[in-house]
S.K.: 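First, the structure itself, so that you have it in front of you.
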Amino acid sequence: MARVSVPELVGRRAELAALFACEPAARSEQHTRLVLVDGDAGVGKTRLVRAFAERTGATVLTGGCLQFEADIPYAPFVEALPHLFTGTAGPAAGDRAAEYRRIADAIRAAGERVVLVVEDLHWADAATRDLLLFLHRALATAPVLIIVTCRADEVPAHHPVAALVAELSRSRHTTRLHLPPLDRDGVAALATGILGTPPPTELVDTLMARAEGNPFFTEELLAEGNTVPRTVREIIMTRMARLTAPAQRLARLASVVGRTVPHDLLAALVPADDLDGAVRDLIDHGQLVIVEPDAYAFRHALIQEALYRELLPGERRQAHAAVARGLTARPELARSHAAELAHHWDAAGEAEPALAAAVLAAAGASDGHAPAAAHAHYERALRRWPDVTGPESVAGVDHDQLLERAAEAASLAGHNQRAVELTRQRLADLRAPERIAHAYEQLSYQARSVGNWELARHASAETVRLMPDGSPARLRVEAWQMMLDMLGARHLDAIRHGERILPLAPESPDEDLVPRNRALTALGTAHVMLGHVEEGMTYLARHREFGARTGVPRFVGVGYVNTAESLIWADRQTEALALARDGVARAGELGFTIYLLPIVGNVVRALAELGRWDEALDTSGDPDDPAADPFNWIFVDLPRAEVLLRRGETGAAAELLTRAGAVLDGQDDAQYGSELAHLRARLAGAEGRHADGLTVVRSGLETALAAQDMWLVARLVATGVWLAMAMQDTAAADELLAAGRAHRASLEARGAVALPRTLRAVALAEAERRGPDAAAWAAVDGGPEVYVTAYARFREAEALLAARGARTRAGELLASAAATASTLSAAPLADRIAALAGRARLVTSGTVPPLGLTAREAEIFSLVGQGKTNAEIAAELFISTKTASVHVSNILRKLGVKSRIQAAALAHRQEHA
């Protein structure tokens, strides 16, 4: 990413030159394809982009995101490309990827050179964010330049747009124009341009003190002459008071519509006699500008926002009602008719039309592949339902149907906890057995998606009990029970059910495809976990082909999750990493963002096992969806916690394990519950609480031994034996080993084969039990996990030295282990290696970064010493601002300093030293 800082905004020459340099006339692989213009409100982003658009000579398509309570999906694209969108607030119904490609083709075909402008990214809904990311990739070789504006001050680190900005910024094809406030010279130059003469020093002082270099604020203050109101709101309202009464009324009504207002809509809001004079007054006083032949826009978004906030509650309701009536009479004037009507009728307090419009808007958003917006509209409809007499006739659905649709939209948007609440509400009122059965079926899926195994199994059992034998849904229900077996690591049972279900599962798109999706998934994953890797991968390949052919987002998403995870378990981490990264890149395009965190978790796990720990931790810090179900975070948190533990960052690891425990504790989740037990036990051991750790291992084994997965048991046994031997409790170690052997033997008797990672865990457990036995440790091979190999080499060297064996061989082993520990910044292992080498008077070349920092932290520490901000560090290292912030916080904690200034001073001392 190229980052350009613009020191002054008066002549716009530097900015325009930077943008013209990005023109698509001579596009190559190195050239910019997207310009991200960011800065505070009022700093001049829109003015800069409009000036460029007027001069570029290309076809310019412009649209802006809207600040509505419930999202209007794809709002900027609806505005820029209205002919591509139906009246349903999104792309025409169909395959999401195909629709996205259709939009990309339309943009590409709009002219020989095209500029697509997306304003106010800070208000972008989820669907808009997905489409923008797709277009950034899909138009890579086209003569198209995308320009995006964003208010930096309205995108906090936890906001989903922050993750999008970080992802776009990391691209080498993105240029980021950060527009800072004007300095004193810039303010003086701006004032000179407006006043026609250089301003007095006192005036510049006042402007700097009040406007703080913000160009818009500065212009407004200059327009006030000697009177300088205290706030921007006061500035705007003071200037509005000078307008005619019709102009003031029109401005207030227009503020309810948004930044841009069609002329015909204004005509529908005010008497014809008042319209022309009021509009002329607003234009002459700089409040409105003409943006196209038949529309106006507020000169600055802050004017519209200030006017809207100034409305009294009664005025606001009346204004929204007037706009709603205008849009009802002229639906073609709305970007998304139902969604805008729902917003305006709701804000007007008109429950009946708000309910009707909200249901239509939700349906349109669902058809337009925007489940988050659909969920928001359904929630509005549910809120308005009790306020309406005869709501069924108004909404066109009964209350149960509304709840069902709301729960489905919530689940598709990744908010399964809310979906559970809505489905339970349904069950409280339902009486028809088959409807109850269907509700329980949905509840089971939703409950499993939030990690509630008890509720998922109960709901599944109720579904089977209530579902009639002849019901066409019966096969789908049985397929879900098979999935619960697979997800619960009962792989033999899952295969038995899958082999029965798959031949019965329809393939025709006119029939229910869910049973086939589930059967192929379960058969593939279960076979891999039972050691039948090639057979399992064949099923998973068939499943991915099936998902691509059907285009169903959930099928495609499950394929990415399960195939990548299975590749990891089969020690094909590089393949898994490539597949998972492709899934992250295409989640928005193909519509399976609900699976984004599990897929990112596979990226983190693959990188961690490959020894690319800095990348793993940086990747795990990027996804940021505050609304995501807590269960989805365990896919990222667990592999991240293991890396942190191996680096000795026990406090940070403990926080992640606490978050995972809030979801998994009390649930008999064999896969993730056993991994949590393994990590908690490792944490206890690192803190010297060996007995506590052993208790955790035994508890985890109760669930793992009841499952049909050798790897889960072998990993826990290895951790338990390590703890037991630290306590010199050989009886406990032998007990654990015996349990693991018996479990493995029982599965092998039923046709299972131990995966290589299972055999490595067994070898590790046996070596821990035998202690200072060089041959036992020589038999431990970490495979792709270089950390395990380094640990085994350290222990082999330790055994050789204890037996007064070959010092040369011990030195070689320690040197190799030390080099790996240094590369990984695995401080606890590095310390043990250094201590052993010191006692034995052997020299190792491996060193860990100074001050106890990791290699990545040392790199960031140096940048902090250069005075760089988190955003600048993120830009330089191609990580998100949030990730940079987390690293800086960890650095301050490790160094024992309280501020960046103290850290910078320490960095300078280190460099001089």
S.K.: In terms of side-chain geometry, is the basic nitrogen of E687 or R680 positioned less than 4.0 Å from the acidic oxygen of its partner?
M.R.: no
S.K.: Check E796 with R793, please: is the shortest side-chain N to carboxylate O separation under 4.0 Å?
M.R.: no
S.K.: On the 0 to 90° scale, with breaks at 30° and 60°, tag the Y791-W777 ring pair as parallel, tilted or perpendicular.
M.R.: perpendicular
S.K.: Do you know which two heavy atoms are closest between P828 and G648, and how far apart they sit?
M.R.: CG-CA, 3.5 Å
S.K.: Determine yes or no for a side-chain-to-main-chain donor-acceptor pair under 3.5 angstrom, with R760 supplying the side chain and G782 the backbone.
M.R.: yes
S.K.: When you measure from the side chain of R682 to the backbone N and O of R646, does any donor-acceptor pair fall under 3.5 Å?
M.R.: no
S.K.: Do R554 and I594 have side chains that get closer than 4.5 Å, going by heavy atoms?
M.R.: yes
S.K.: I'd like to know whether the aromatic ring centres of Y560 and F592 sit less than 6.0 Å apart in this structure.
M.R.: yes
S.K.: With side chain to side chain contact (heavy atoms under 4.5 Å, CB included) as the test, would you mind laying out the steps for R457 and D668 before giving the verdict?
M.R.: CA-CA 11 Å; R457 290 185 180 121; D668 57 345; 2.7 Å; yes
S.K.: So does E649 pair up with R640, basic N to acidic O under 4.0 Å?
M.R.: no
S.K.: Would you call Q573 and L577 a side-chain contact if the rule is heavy atoms closer than 4.5 Å?
M.R.: no
S.K.: Is a side-chain N or O of Q708 found less than 3.5 angstrom from the main chain of D493, in a donor-acceptor match?
M.R.: yes
S.K.: Check the pair E642, W613 against side chain to side chain contact (heavy atoms under 4.5 Å, CB included), reporting the backbone distance first and the verdict last.
M.R.: CA-CA 10 Å; E642 182 144 47; W613 288 3; over 6 Å; no
S.K.: List the atom of V753, the atom of M710, and the distance in Å for their closest heavy-atom pair.
M.R.: C-CE, 3.8 Å
S.K.: Has R490 got a side-chain atom pairing as donor or acceptor with A706's backbone, closer than 3.5 angstrom?
M.R.: yes
S.K.: Are any of the side-chain heavy atoms of I634 and L676 separated by less than 4.5 Å?
M.R.: no
S.K.: With no hydrogens and no angle check, is any side-chain donor or acceptor of H743 less than 3.5 Å from a backbone partner on A707?
M.R.: yes
S.K.: After noting the C-alpha distance and the side-chain angles of L638 and L657, does the key distance pass the side chain to side chain contact (heavy atoms under 4.5 Å, CB included) rule?
M.R.: CA-CA 7 Å; L638 294 179; L657 297 182; 4.2 Å; yes
S.K.: Do any N or O atoms from the side chain of S449 and from the backbone of Y445 form a donor-acceptor pair under 3.5 angstrom?
M.R.: yes
S.K.: Please report the shortest heavy-atom distance between G693 and L723, naming the atom on each side.
M.R.: C-CD1, 3.4 Å
S.K.: Is E675 close to R715 at the side-chain level, that is, under 4.5 Å between some pair of heavy atoms?
M.R.: yes
S.K.: Any non-hydrogen side-chain atom of L502 less than 4.5 Å from a side-chain atom of R542?
M.R.: yes
S.K.: For the pair F631 and F635, name the ring-plane relationship: parallel under 30°, tilted 30 to 60°, perpendicular over 60°.
M.R.: perpendicular
S.K.: Tell me yes or no: between the side chains of R581 and T619, is some donor less than 3.5 Å from an acceptor?
M.R.: no
S.K.: Nearest 0.5 angstrom please: L694 CG to T719 OG1, how far?
M.R.: 10.5 Å
S.K.: Is there a donor-acceptor pair closer than 3.5 Å between any side-chain N or O of S699 and the backbone N or O of T695?
M.R.: no
S.K.: Can you tell if the side chain of L755 reaches within under 4.5 Å of the side chain of V533, non-hydrogen atoms only?
M.R.: yes
S.K.: Salt bridge between E478 and R500, side-chain N to carboxylate O under 4.0 Å?
M.R.: yes
S.K.: Using 4.0 Å as the upper bound for N to carboxylate O, is an ion pair formed by R647 and D614?
M.R.: yes
S.K.: Would you say the side-chain atoms of T525 and N562 include a donor-acceptor pair closer than 3.5 Å?
M.R.: yes
S.K.: Could you measure the distance from the CD1 atom of I495 to the NE2 atom of H527? Nearest 0.5 Å is fine.
M.R.: 4.0 Å
S.K.: Contact between L492 and L747 at the side-chain level, heavy atoms closer than 4.5 Å - yes or no?
M.R.: yes
S.K.: Are W453 and D669 close enough that a side-chain donor and a side-chain acceptor fall under 3.5 Å?
M.R.: yes
S.K.: P639 and R605: which non-hydrogen atoms are nearest, and at how many Å?
M.R.: CD-NH2, 3.7 Å
S.K.: Would you say the side-chain atoms of S674 pair up with the backbone N or O of A670, donor to acceptor, closer than 3.5 Å?
M.R.: yes
S.K.: What is the distance from atom OG1 of T658 to atom CG of D665, rounded to the nearest 0.5 Å?
M.R.: 9.0 Å
S.K.: Side chain to side chain contact (heavy atoms under 4.5 Å, CB included) between L567 and M537: does it pass, once the steps are laid out?
M.R.: CA-CA 8 Å; L567 286 167; M537 288 300 173; 3.4 Å; yes
S.K.: Can you tell me how far the NE2 atom of H543 sits from the CG atom of L523, to the nearest 0.5 Å?
M.R.: 11.0 Å
S.K.: So, for P756 and D571, which heavy atoms are closest and what is the spacing to 0.1 Å?
M.R.: CB-OD2, 3.6 Å
S.K.: Quick test of your reading of the model: are E748 and R744 salt-bridged, counting only N-O distances below 4.0 Å?
M.R.: yes
S.K.: Rounded at 0.5 Å granularity, tell me how far NE2 in H690 sits from CH2 in W722.
M.R.: 5.5 Å
S.K.: Distance check, rounded to the nearest 0.5 Å: D709 atom CG versus M529 atom CE?
M.R.: 4.0 Å
S.K.: Is a side-chain N or O of D629 found less than 3.5 angstrom from the main chain of N416, in a donor-acceptor match?
M.R.: yes
S.K.: Closest approach of H532 and G751, non-hydrogen atoms and distance?
M.R.: NE2-O, 2.8 Å
S.K.: E768 and R795: salt bridge (Lys or Arg N to Asp or Glu O under 4.0 Å), yes or no, with the steps?
M.R.: CA-CA 9 Å; E768 293 284 10; R795 294 298 302 273; 3.1 Å; yes
S.K.: Determine whether L656 and V636 make a side-chain contact, defined as any pair of heavy atoms from C-beta on separated by less than 4.5 Å.
M.R.: no
